[in-house]
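To find a chain, count down the sequence lines: A is the first, B the second, and so on, and within it residues start at 1.
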Amino acid sequence: MQTPTLFALLLLLILVAYGTGFSRAVAAARTSGGLRKLASLPSYYGLHTALWCGLPALLLLGTWLAFDDAIIRALVMNGIADKPDTIAGQNLLYAQVQNLAAGHLFGEASPQVQAAAARFTELRNGSRNLQAALSLILAIGLGAFTVLRFSPQLRAREKVEKVLRGVLIACACAAIFTTVGILLSVLFESLRFFQAVPITEFLFGLHWSPQMALRADQVGSSGAFGAVPLFTGTLMVSAIAMFVAVPVGLMSAIYLAEYASKRVRTFAKPVIEILAGVPTVVYGFFAALTVAPFIRDLATSMGLQASSESALAAGLVMGIMIIPFVSSLSDDVINAVPQSLRDGALGLGSTKSETVRKVVIPAALPGIVGGVLLAVSRAIGETMIVVMAAGLAANLTTNPLESVTTVTVQIVTLLVGDQEFDSPKTLAAFALGLMLFLSTLVLNFIALHVVKKYREQYD
Amino acid sequence: MNTMTLDAAGQAEPVQPKAVEQDTVGTQTKVRETVGKPFCDSAKLRMRNVNVFYGEAQAIHDVSLDIGRNEVVAMIGPSGCGKSTFLRCLNRMNDTIEGCRVEGELSLDDEPIYGAKVDVVPLRARVGMVFQKPNPFPKSIYDNVAYGPKIHGIASRRAELDEIVENSLRRAGLWNEVKDRLDKPGTGLSGGQQQRLCIARAIAVSPEVILMDEPCSALDPIATARIEELIDELRENYTIAIVTHSMQQAARVSQRTAYFHLGHLVEVNDTETVFTNPQHELTEAYITGRFG
Ligand SMILES: Nc1ncnc2c1ncn2[C@@H]1O[C@H](COP(=O)(O)OP(=O)(O)OP(=O)(O)O)[C@@H](O)[C@H]1O
Ligand SMILES: [Mg+2]
């Protein structure tokens, strides 16, 4: 039986099981005098039966589907007498077998492959039949068993809720495992990189030019993987961005929360938040085509040396992009400061600005700091604007008018185009990714911690 | 100090329930005029024909009242009758509520309270307020009390400030409990302690008038007694308006008592009169506990 048909059949069985459980409970209620005589509501009996019918069968099916390909392959390959030594050769041979079994192969196949293909078809069909039979038996058997075991005293609701809790936990775990999985894979690739390039050179080296030699005798063949210029570049662009975003965002939040009339607020807040919805690539070409040339011309007119792509341009535009982050998060925390605190301050004869400066902002400060930290991790991770406006040159400089490059930009340039996935050049991207991941993780951790502290104060 | 209690008052003047029920129905027509003594000669605060609206809804109807120098006026009445609203008019705290509109003539020492030229900041420094719910700032206990003196430049040196803080906390009856932890957050105190902290904060700026909105609703009897003592003490220099749900308290601390009902000022009289011989049926019904 084909797998989709099997799924449909199981679904049908589950529905039947629900209906049976439900009507069993209703019937029991009728004979014993009312729904209150049951330990749970009829729908819970239905769900209980449906879960017993469906869950084990689906789990069995899932496990089966996860492993049957590998097992069939092992069995088929074992049956072939003289197979190639390399993994690539074996893959090719097995693909041939599969194609033949599916009837796609053109040309002559060796008798060995033909035998293997026959065996493959036989195994696969057997597997499918067995899987269908087992899961249907399981579903019907357990469903029937549950229906037979029905009694009004059965606490169906508690059992169903236990299963539901399990499902919720599984979903939460999926998110956690994904994070851990990404972290681990990045970590292992980074470790491979650190075998080629010492970690001290990566962390403290001042020169970044990730070329690898194509031939051993090539001139200037050894690449340099000192990431310090990238870190300083990232730091500088992010710092400029925060320098723009924090004051502007915070002040606009204060204006909106404390001074603006209701009409202005309902109009201005969504408009500011639109800024957050503009795709970063749009900011990118705005930065590259408008802001960067403007800065260069301005600097030149003041007698300064400026390149046409600069950290300043990228930082400024990134700052504008982050304003809505800072302002809407701050706006929320400022609004969460209880009115009674403002009343208390005003009642003592504070002016509006004294109230804001000395009572409202200090009370909201932890939340604002949390918001700013989240914005910083956003700035560190931002790529597109920097690619377009800050350039690619890994300069180690503190001059914001020069072009710099950031960790994210280098990850992009290392990985675009055709790459081998085992050269230090590509592996360097994983090491950079790891650094990025760790730093934003730490920042987010601190930010969430701070925000939580703040919440506790007023709840 | 007036030591009249509610029970004594209630037993002294039993009233017919029948008469009251008719009157509560006819309230709107009957409470045009405030009975008793709403005015006095040496008025610190003078209110005439005050109307307060929240949007369309009128919360205070045509209230006229004087609060004299060195006098404690208690305001009583059923929940929602407009006591807090009226109190908040006196230092313009209603300004912070969107859609709230105040009409009428209000003056402090014969200077208008409302008006385009009036600066609310010095007004509020002169007319302090203790709120219904304790609202300490999320700062240290010391900074809570020092906040007002600092912004008004009352104390320039640290030693002066220390003195003001200690003095205010002592008068609010909180000093002994907090003297070892002045640098701990004020929000970490118990509800009753927080309220006393707010009282200390209010008196630290030495206002001329203190408005108290149920200052003792979260306090135990001992702390309440301390606050009542404080009110007595403050009366020598200040003018006080206090809202309270405890009629015993009104009887103990105030010279005159004002009874509000559905936004109308029904009766104002010497406290003793109100509790022994109320002139309006509604007042009588309220203080004998038959409604409200
Ligand atoms: N901010 C507001 N917006 C709209 N209506 C309000 C507002 N504050 C109070 N009111 C209304 O005004 C009326 C008087 O309220 P107020 O708070 O002055 O009563 P109160 O006498 O202090 O009551 P309590 O003894 O419960 O404190 C009530 O009907 C209330 O619903
Ligand atoms: Mg009130």
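Interface residue Lys358(A): backbone and side-chain heavy atoms are both found under 4.5 Å from chain B. Contact of Lys139(B) with chain A is made through the side chain alone, with heavy-atom distances under 4.5 Å. Residue Val130(B) does not touch chain A at all, counting heavy-atom pairs closer than 4.5 Å.
Going from atom OG of Ser350(A) over to atom NE2 of His152(B) covers 6.0 Å, rounded to the nearest 0.5 Å. We find the CD1-CG distance between Ile97(B) and Asp343(A) to be 7.5 Å, quoted to the nearest 0.5 Å. Here the CG atom belonging to Leu346(A) is positioned 12.0 Å from the CE atom belonging to Met129(B), to the nearest 0.5 angstrom.
Applying the side-chain hydrogen bond (donor to acceptor under 3.5 Å, both in side chains) test to residues at least two apart or on different chains, the pairs with a partner in residues 82-102 of chain B are Tyr54(B)-Thr85(B), Ser84(B)-Gln132(B), Ser84(B)-Asp213(B), Arg88(B)-Asn94(B), Arg92(B)-Asp95(B), Arg101(B)-Glu103(B).
For the pair Phe137(B) and Leu348(A), the minimum side-chain heavy-atom distance is below 4.5 Å. Pro138(B) is not listed as a side-chain neighbour of Val337(A), based on a closest heavy-atom distance of 4.5 Å or more.
Other residues, nucleotides and ligands contribute at most 12 non-hydrogen atoms within 6.0 Å of the CE atom of Met384(A). Within 6.0 Å of OH on Tyr259(A) lie more than 12 heavy atoms contributed by other residues, nucleotides or ligands. The local environment of CZ in Phe325(A) is sparse, with at most 12 non-hydrogen atoms from other residues, nucleotides or ligands closer than 6.0 Å.
Scanning residues 107-126 of chain B against chain A with a 4.5 Å heavy-atom cutoff picks out Val121(B), Arg124(B), Ala125(B), ordered by number.
By the side-chain contact (heavy atoms from CB on, under 4.5 Å) test, Glu163(B) pairs with no residue at all, sequence neighbours left out. For Val228(A), the side-chain contact (heavy atoms from CB on, under 4.5 Å) criterion is met by Leu206(A), Thr232(A), Leu396(A), not counting sequence neighbours.
Side chain of Asn135(B) to main chain of Ser340(A): a donor-acceptor pair is present (N/O by atom type, distance under 3.5 Å, no hydrogens or angles).
Heavy-atom pairs under 4.5 Å with chain B peak, among Pro362(A), Ala345(A), Ser261(A), at Ala345(A).
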